[in-house]
Amino acid sequence: MLELSTIRDHFEQAVEGLAKRGITDAESLLHDIVDLDQQRRDKQSDLDQVLAEANAKAREIGSLIKSGEKELAESAKVETSTLKSRAKQLQQELHDLQEKQKEALYHIPNIPNDGVPAGSSADHNQLVSEWGIIPQLPKPASPHWDLIKQYDIIDFDLGNKVTGAGFPFYKGSGAKLVRGVVNFCLDQAEAAGYQEVQPPLIVNEASGTATGQLPDKEGQMYAIVDSDHYLIPTAEVPITNMYRDTIIDPGNLPIKNVGYTQCFRREAGSWGADVRGLNRLHQFDKVEIVQISHPDQSYQALDEMCQHVAGLLQQLEVPYRILNLCGGDLGFTSAQTYDFEVYTAGQEKWLEVSSVSNFETYQANRLKLRCRGENKKNFLLHTLNGSALAVPRLLAAIIENNQSQDGIKIPPVLVPYTGFEMITT
RNA sequence: AGAGGGUUGGCGGAGUGGUCGAACGCGGCGGUCUUGAAAACCGUUGUACCGCGAGGUACCGGGGGUUCGAAUCCCUCACCCUCUGCCA
């Protein structure tokens, strides 16, 4: 969530920034929060004063009892009753104000960075760069959903029977290909200085709240019945939450972790004609890179992460383009996001395989992730993450782009991981 | 899953109703001594909120309660340990 100091000290910028997301009533929303904050401070002052008085009274009674002055003590006890009820009332009011303020802040998304273009939808995303040669396949080129059947490497029908839509089986070379891509991505991340972690696939409510999946967005996640737990929609959640409630020594920055996990997403309401095959799944494999950065270094880190992702796609020889997401397409918690889309020659479509974001202090504020600063001034760090990479759509691109009469050619860099060069019938 | 015992500052560990934000030890930081280091000695060392400041308030796993007063008593939830059960 946004920091109160940001809202107070950079009010105009905050309003302008949120306008880029299409939030037109930001000014009144932020005014309410500042107003609420003032009420909260006043209430706290009142309460502190009453509590100070009550504490003094209690000490007094204590010493009276000790010196045996029972009657004085008894009469003093009577005096405390008004203080007590007043304190209780103020406490309740303060608590309510705090909750109200938190609630209000939870519903305000991050302020887009200056470099984020304005715009209401994906149409306004800014093309940053494009790499690779669009394959010219002899017509008709097949989409991957036909090819995977032809070579029997990914089985949606089986998934439908065993689980439901969006939960395919990967079989034989298909399964090996997934494993190969994952291992390739992990090795590359490790070489780039990321420490591998294998996080839990289920998280609690506090974790979901800290990274911004909760509240309100629980519809995206699968919830565990009767236990306040959720299947992770991305490894970002557990890996970033490793650092919840921590104070980091500046010498340990930046912190770089990579994790491979299955990701589970309900994707409620998003099932239509153009989300066929591997384009959108309820369960998919993803390697995620996560950085904790000093605020001064975080945009440099964002660039570095983008370059890492670009390097992966180049090695895999998949044509891609990079988009600078506009305000309207930006995730709730992100200050800036670059999407990587790969070209799929069978569908003749671009598919997102990576999303690299800087959250600045938005998550850190919820996480209470601070850095030890000079003379006791601790400050919030910046969190970043990116897919490196999401497997199914990458497979879609590899399968479609590398199809030929002879089979599907595996990118050379993956061959040591798969153990075969071609997928054939 | 059942029974019992626990959860205290960066770590270890005292503390069972008042002067306890918390003994003591370790670690960290600063200093004395030393050519330098070690040892020894002295000092210092949690987080957040309110306040211009002096200062005040809250926090001893989370939440609630009893009491003039709670780290300490009660309820509840979470987690940890031991034994039994089960399982890979």
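Throughout, protein chains are lettered first and strands after them, A, B, ... in sequence-line order, and every chain is numbered starting at 1. All values below were derived from every heavy atom in this structure, side-chain atoms included, with hydrogens, water molecules and symmetry-related copies excluded.
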Taking only residues two or more places apart in sequence or in another chain, which ones pass salt bridge (Lys or Arg N to Asp or Glu O under 4.0 Å) with A:E79?
->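 A:K57.
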Taking only residues two or more places apart in sequence or in another chain, which ones pass side-chain hydrogen bond (donor to acceptor under 3.5 Å, both in side chains) with A:N324?
->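 Here the qualifying residues are A:Q126, A:Q336.
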B:rU8 versus B:rA71 - spacing of their P atoms, nearest Å =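 So the two P atoms sit 16 Å from each other.
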Using purine N1 to pyrimidine N3 plus N6-O4 or O6-N4 for Watson-Crick, or N1-O2 and O6-N3 for G-U wobble, each under 3.5 Å, what pairs with B:rA3?
->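 Its partner is B:rU82 (Watson-Crick or G-U wobble, both distances under 3.5 Å).
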B:rG61 and B:rG53, which share atom name C1', separated by this distance in whole Å |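 About 36 Å, rounded to a whole number of Å.
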Donor-acceptor pairs under 3.5 Å, side chain of residues 254-262 of chain A to any protein atom, not counting sequence neighbours: which ones?
residue: A:K256; atom: NZ; partner: A:A192; partner atom: O; Å: 2.9
residue: A:K256; atom: NZ; partner: A:E304; partner atom: OE2; Å: 3.0
residue: A:N257; atom: ND2; partner: A:Y243; partner atom: OH; Å: 2.7
residue: A:Y260; atom: OH; partner: A:Q262; partner atom: NE2; Å: 3.4
residue: A:Y260; atom: OH; partner: A:D285; partner atom: OD2; Å: 2.5
residue: A:Q262; atom: OE1; partner: A:Q283; partner atom: NE2; Å: 3.1
residue: A:Q262; atom: NE2; partner: A:D285; partner atom: OD2; Å: 3.2

When you compare B:rC20 with B:rG13, how far apart are their P atoms, in angstrom units rounded to a whole number?
->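 The same atom, P, in both gives a distance of 24 Å.
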By a strict heavy-atom criterion of less than 4.0 Å, which residues belonging to residues 242-253 of chain A are in contact with RNA chain B?
->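 The stretch gives A:I247 as the residues lying under 4.0 Å from the strand, ordered by number.
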Who pairs with A:H294 by ring-ring contact (aromatic ring centres under 6.0 Å, His included), at least two apart in sequence or on another chain?
->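 Testing A:H294 for ring-ring contact (aromatic ring centres under 6.0 Å, His included), a comparison that skips the adjacent residues, returns A:F379.
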For atom C1', what is the distance between B:rG12 and B:rA22, given to the nearest Å?
->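 Pairwise C1' distance, B:rG12 against B:rA22, rounds to 16 Å.
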Quick one: look up who B:rU66 pairs with, Watson-Crick or G-U, both distances under 3.5 Å, and put none if it's unpaired.
->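 Because no pair has both required distances under 3.5 Å, B:rU66 counts as unpaired.
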With A:F332 via ring-ring contact (aromatic ring centres under 6.0 Å, His included) - residues at least two apart |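 Checked A:F332 against ring-ring contact (aromatic ring centres under 6.0 Å, His included); zero matches.
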Roughly, in whole Å, what's the span from CZ in A:R40 to P in B:rC49?
->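 That distance rounds to 8 Å.
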Minimum side-chain heavy-atom gap A:Q347-A:P143 below 4.5 Å |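 Yes. Closest side-chain heavy atoms under 4.5 Å.
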Quantified in whole Å, what is the C1' atom distance between nucleotide B:rU66 and nucleotide B:rU45?
->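 Each nucleotide's C1' atom is 36 Å from the other's.
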Watson-Crick or G-U counterpart of B:rG61, or none if no pair lies under 3.5 Å |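 Across all strands, the one nucleotide that pairs with B:rG61 is B:rC77.
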Check residues 381-396 of chain A and write down every donor-acceptor pair under 3.5 Å in which the side-chain atom is one partner and the other belongs to a residue at least two apart or another chain.
residue: A:H382; atom: ND1; partner: A:S298; partner atom: OG; Å: 2.7
residue: A:T383; atom: OG1; partner: A:Q363; partner atom: OE1; Å: 2.7
residue: A:N385; atom: ND2; partner: A:E236; partner atom: OE1; Å: 3.3
residue: A:N385; atom: ND2; partner: A:E236; partner atom: OE2; Å: 3.4
residue: A:S387; atom: OG; partner: A:S355; partner atom: N; Å: 3.2
residue: A:R393; atom: NE; partner: A:N279; partner atom: O; Å: 2.6
residue: A:R393; atom: NH1; partner: A:E352; partner atom: O; Å: 2.9
residue: A:R393; atom: NH2; partner: A:N279; partner atom: O; Å: 2.9

Rounded to the nearest Å, what distance is computed from the CZ atom of residue A:R370 to the C1' atom of nucleotide B:rC49?
->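 A:R370 atom CZ is separated from B:rC49 atom C1' by 13 Å.
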Within the side chain of A:T209, is there an N or O that forms a donor-acceptor pair under 3.5 Å with the backbone of A:E205?
->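 Such a contact is found between A:T209 side chain and A:E205 backbone.
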P atoms of B:rC59 and B:rA54, separation to the nearest Å =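 Pairwise P distance, B:rC59 against B:rA54, rounds to 23 Å.
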Distance under 6.0 Å and angle within 45° of ring axis: A:R266 vs A:Y222 =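 Here A:R266 passes the 6.0 Å and 45° test against A:Y222.
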Could you give the CZ-to-P distance, from A:R41 to B:rC50, as a whole number of Å?
->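 Rounded to whole Å, this separation is 5 Å.
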A:L90 CG - B:rC50 C1' separation (whole Å) |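 It works out to 13 Å between those atoms.
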Expressed in angstrom and rounded to an integer, what is the separation of A:R372 atom CZ from B:rC29 atom P?
->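 Atom-to-atom, A:R372 to B:rC29, this comes out as 13 Å.
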Partner residues of A:E3 under the side-chain hydrogen bond (donor to acceptor under 3.5 Å, both in side chains) criterion, sequence neighbours left out |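 Listed in chain order: A:T361.
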Along nucleotides 58-79 of chain B, 5' to 3', which nucleotides get a B, which get an S, and which get a -, given that the test is a protein heavy-atom distance under 4.0 Å?
-> S------SS-BS----------
Residues that A:F420 engages under ring-ring contact (aromatic ring centres under 6.0 Å, His included), provided they are two or more places apart |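 Not a single residue meets the ring-ring contact (aromatic ring centres under 6.0 Å, His included) criterion with A:F420.
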Given the P atoms of B:rU47 and B:rA14, what is the spacing between them in whole Å?
->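 Taking atom P in both B:rU47 and B:rA14, they lie 25 Å apart.
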5' priority, RNA chain B, between A:Q38 and A:A56 [closest heavy atom] =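 The 5'-side residue here is A:Q38.
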Contact residues, residues 195-212 of chain A to RNA chain B [heavy atom, < 4.0 Å] |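 Going residue by residue through residues 195-212 of chain A, none turns out to have a heavy atom under 4.0 Å of RNA chain B.
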So what's B:rA40 paired with, Watson-Crick or G-U wobble, going by both distances under 3.5 Å?
->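 Answer to the pairing question: B:rU32, which forms a Watson-Crick or G-U pair with B:rA40.
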In the strands shown, is B:rC11 matched to any nucleotide by a Watson-Crick or G-U wobble pair with both distances under 3.5 Å, and which?
->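 Per the H-bond distance test, B:rG25.
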Using 30° and 60° as the class limits, which term best fits the ring planes of A:H31 and A:F11: parallel, tilted or perpendicular?
->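 Rings of A:H31 and A:F11: tilted, 30 to 60°.
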Would you give me the side-chain donor-acceptor pairs under 3.5 Å for residues 94-106 of chain A, sequence neighbours excluded?
residue: A:D96; atom: OD1; partner: A:Q92; partner atom: NE2; Å: 3.0
residue: A:Q101; atom: NE2; partner: A:D37; partner atom: OD1; Å: 3.1

Pairwise P distance, B:rC77 and B:rG18 [rounded to whole Å] |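 The same atom, P, in both gives a distance of 29 Å.
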Whole-Å distance separating the CG atom of A:L4 from the P atom of B:rA48 =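 Computing the A:L4:CG to B:rA48:P distance gives 15 Å.
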